[in-house]
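One structure below.
Naming convention: chains lettered A, B, ... in sequence-line order (proteins, then strands); numbering from 1 in each chain. Note that the structure is predicted; figures quoted are calculated from it, not measured. The figures here come from the full heavy-atom set of this structure, side chains too, leaving out hydrogens, waters and symmetry mates.
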Protein chains: 2
Amino acid sequence: MSEADTKRSDYVDALARGLAVIEAFGRTTPELTLSEVAQITGMSPATARRNLHTLEELGFVKRHNKRFLLAPRILTLGSAYLQAANMDEAVLPELRRIVTLFGDAASMATLEGTEILYIAHFSELRAARRTASVGVTYPAYATSMGRILLAALPPAELAAYWREFRPAKLTDVTVTDRAELTAILEEARRAGYTVSVDQLDYGITSLAVPVKNEAGRVVAAINTSGYSPRLDATKLVEERLAELQVSAGRIAHLLARYPGLAHSLLG
Amino acid sequence: MSEADTKRSDYVDALARGLAVIEAFGRTTPELTLSEVAQITGMSPATARRNLHTLEELGFVKRHNKRFLLAPRILTLGSAYLQAANMDEAVLPELRRIVTLFGDAASMATLEGTEILYIAHFSELRAARRTASVGVTYPAYATSMGRILLAALPPAELAAYWREFRPAKLTDVTVTDRAELTAILEEARRAGYTVSVDQLDYGITSLAVPVKNEAGRVVAAINTSGYSPRLDATKLVEERLAELQVSAGRIAHLLARYPGLAHSLLG
DNA sequence: GAATATATTTTCGTCTAGCGAAAAATAACA
DNA sequence: TGTTATTTTTCGCTAGACGAAAATATATTC
C-alpha cells in the first residue's frame with residue numbers, strides 16, 4: 001500500500017497468511033476457535049477458515065470439537081532443519097558434555113530479529129522455571145546469549161536493533177536502560193563472555209559465550225544456566241567459563257565440517 | 001480434476017504448495033537449488049521461485065549463493081506445539097527417568113499415516129546410528145513403537161494401513177512379510193509390549209509399550225532403546241519393561257492434567 | 001575463451017483461486 | 001423462548017498467482 005512498499009509480484013500472500021495462522025497458536029493460546037484465529041491474524045472469518053481447513057487437511061492442525069490446535073505433524077517441518085544442520089551430531093554432544101560436567105542446562109541460540117532463538121538444548125533436570133526448548137524465542141536484551149549476540153552485531157545492525165528495542169521489566173532487576181545495556185554489551189564484547197542473573201525470569205542465572213564461524217564472525221552463542229540461588233555469578237565464571245569456551249571452540253570447529261549448520265547460521 | 005475429487009472451494013492451494021516447498025528440504029537434501037525444488041515439488045520454476053522468496057522474506061528459508069536452505073526460524077513453528085502440549089513438563093521427565101535408570105535413549109512417538117513421528121526424545125549418549133530427534137519419522141512396521149501403535153489400530157484403520165503398506169528390507173532381518181507382521185502385532189497387543197532388534201537399522205534394539213488416554217485408547221507409544229550388541233532382547237524385557245510401563249502409566253495419567261497434549265494426540 | 005548447455009530471472013497475458021461482505025445456519029447463552 | 005455470538009455457505013469480483021516463453025546469467029565443455 002505505502003509507496004515505499006515496492007509492488008513485488010514474486011510473493012505469495014496466501015502462503016504468508018497460512019503461516020501466520022500457524023503462528024497464531026502460541027504458548028499462551030494452544031487452542032483457538034475460528035473467530036479467535038481470525039481476530040489474531042486480522043483475517044476475515046472466511047479466510048481464516050479456509051486456511052485452517054487446509055492445514056487440517058494436510059495434517060498440521062487438528063480439530064477438537066470447535067477448537068483448532070496444532071497437530072504433531074507440525075514437528076516435521078523443523079526436523080528437516082535439525083537434521084540438515086547436524087545438530088545432534090555436531091552440537092548436542094557438546095551441550096551434553098557441559099551438562100555432565102556442571103549439571104543444570106546448556107543451550108545454543110542464534111539471533112532472530114530482536115529475539116534469540118534456541119536451536120539446541122540439553123538439560124539434566126527440568127528447568128526451574130522456564131523450560132527452554134528448541135524453537136523457543138526470548139527477548140535478546142534479557143538473556144546472556146542475547147547479549148553476546150547483540151554485542152557482536154555490526155554497528156548498523158545494532159542501531160537497527162535499538163530502533164526496535166521495546167524493553168520490559170521481566171523481573172525487577174531486568175536491565176532495560178539502553179545506556180546500561182550498551183555498557184553490558186561492550187563489556188561482553190571485551191571479555192568474550194557475559195553472565196546474567198534473574199534478567200529473563202527469577203531464578204535463572206546464565207553464562208554465555210560466542211560461537212564463531214571460520215571467518216571469525218559470531219553466528220551463535222552457547223550458555224550454561226542454572227538456578228540462581230544455587231549459583232554465584234563469580235563462581236559460575238571461575239568454574240565453567242573455560243570449559244564452555246572449549247565447547248564453543250569445538251562447535252566452531254565443527255561448523256567447517258558441517259556446512260549445513262554453518263550456512264543456516266550465516267547472516 | 002477427477003470426478004471423485006469434489007470441488008472444494010475452502011482450500012488454499014497456495015498454502016499447500018508453500019508447505020510442500022518447506023518439505024522438499026529433507027535429511028538427504030538439506031540444500032536445494034531453485035530448479036531442484038521445482039522438480040521435487042512438481043512446480044514450475046516460476047512458482048517455486050515465488051514460494052522460496054516468500055519463505056525467505058518471512059525468514060523461514062535462507063539463501064547461500066544459489067542454494068536455498070531452511071533457516072532456524074522454521075523451528076518456531078513446532079515449538080508452539082511442544083509448549084502447548086507441555087511436552088517438557090509432562091513427558092520429558094519420564095523419558096529422562098528411564099534413561100537415568102537404564103541408560104541409552106527413550107522416546108515417545110505417535111502414528112502419522114504409515115509412519116511413526118517422534119514427539120519427544122531423550123538420550124544419554126549420542127545414538128549409535130540413527131539419531132532419533134523430535135519431528136523425525138520412520139516406517140511404522142520396522143519400529144517397536146510403530147508396531148505397538150499399529151497393534152492398537154481399529155480394524156478399519158489397520159486395513160487402510162495394509163493398503164498403503166510398502167515394506168523395505170532396511171536390514172536383512174527386517175520383517176516385511178505381512179502375515180509375519182500381523183502375528184507380531186497380535187502378540188504385541190496381547191502382551192502389551194514388543195521388542196524389535198535390528199529392524200530399522202543395524203544395532204538398534206528397542207522395547208516399546210503403549211500410552212493410553214482416559215478412554216483407554218492408545219494414543220502414543222514410548223520406548224527404551226539401545227545398541228543391540230550390548231542388549232539381549234529377553235534381558236531387556238526383564239529389566240526394563242516394568243519401569244517403562246510405570247512411565248507409560250504416569251504419562252497416561254498426565255494426559256488428563258494436560259489437555260493440550262491429550263487433544264493433540266487424539267484421533 | 002568461445003561455444004554449449006543449464007539454471008535463473010523477468011515478462012506478460014490469462015484466468016482462476018482466493019478474497020470479503022453478507023446471508024444463512026448453527027450453536028451458545030440467558 | 002428469544003437473543004447473541006459463532007460458524008458456515010454463497011457469490012460476484014478482481015487481484016493475485018499461474019505457466020509459457022523469452023531474456024539473462026551462470027556453469028560446463030572442448
Taken to the nearest whole Å, CE/Met43(B) to C1'/dA17(D) is 12 Å
I want to confirm an ordering. Mapping Thr47(B) and Arg49(A) to their closest nucleotides on DNA chain D, which one lands closer to the 5' end? Arg49(A)
Rounded to whole Å, please give me the gap between CG in Asn51(B) and P in dT8(C). 15 Å
The residue, Lys66(B) or Phe68(A), whose nearest nucleotide of DNA chain D is more 5′ is Phe68(A)
How many Å lie between CG on Leu34(A) and P on dT9(D), as a whole number? 11 Å
Nucleotide dG18(C), atom P - distance to CG of Leu15(A) in whole Å: 12 Å
note: Arg50(A), atom CZ; dT16(C), atom P; distance rounded to Å ~ 17 Å
What nucleotide among dG18(C), dT8(D), dG20(C) has an atom nearest to a side-chain atom of Ala14(A)? dG18(C)
Nucleotide dT9(C), atom P - distance to CD of Glu56(B) in whole Å: 10 Å
When all nucleic acid strands are considered with a 4.0 Å heavy-atom cut-off, which category describes Arg67(A): base, sugar-phosphate, or nothing? nothing
Tell me which nucleotide among dG19(D), dG18(C), dT8(D) gets nearest to the side chain of Ala46(B). dG19(D)
Of the options dT8(D), dA7(C), dC18(D), whose atoms approach the side-chain atoms of Ser35(B) most closely? dA7(C)
Assign the ring pair Tyr138(B) / Tyr118(B) to parallel, tilted or perpendicular, where the plane angle (0 to 90°) is split at 30° and 60°. perpendicular
Length of the CG-P vector between Asp13(A) and dG20(C), whole Å: 11 Å
What is the distance, rounded to the nearest whole Å, between atom CD of Gln39(B) and atom P of dT8(C)? 11 Å
Check every strand shown and say whether Arg17(A) touches a base, only sugar-phosphate, or nothing at a heavy-atom separation below 4.0 Å. sugar-phosphate
Can you identify which nucleotide, out of dT9(C), dT8(C), dT7(D), has its nearest atom closest to the Thr33(A) side chain? dT7(D)
Is a salt bridge present between Glu23(B) and Arg73(A), judged by a nitrogen-to-oxygen distance below 4.0 Å? yes
Might you confirm whether atom CD of Gln39(A) has over 12 heavy atoms from other residues, nucleotides or ligands at distances under 6.0 Å? no
Closest heavy-atom pair and its distance - Phe25(A), Leu69(A): CE2-CA, 3.7 Å
Please find the pair of heavy atoms, one from Pro72(B) and one from Ser264(A), that lie closest to each other, and give the distance. CD-O, 3.3 Å
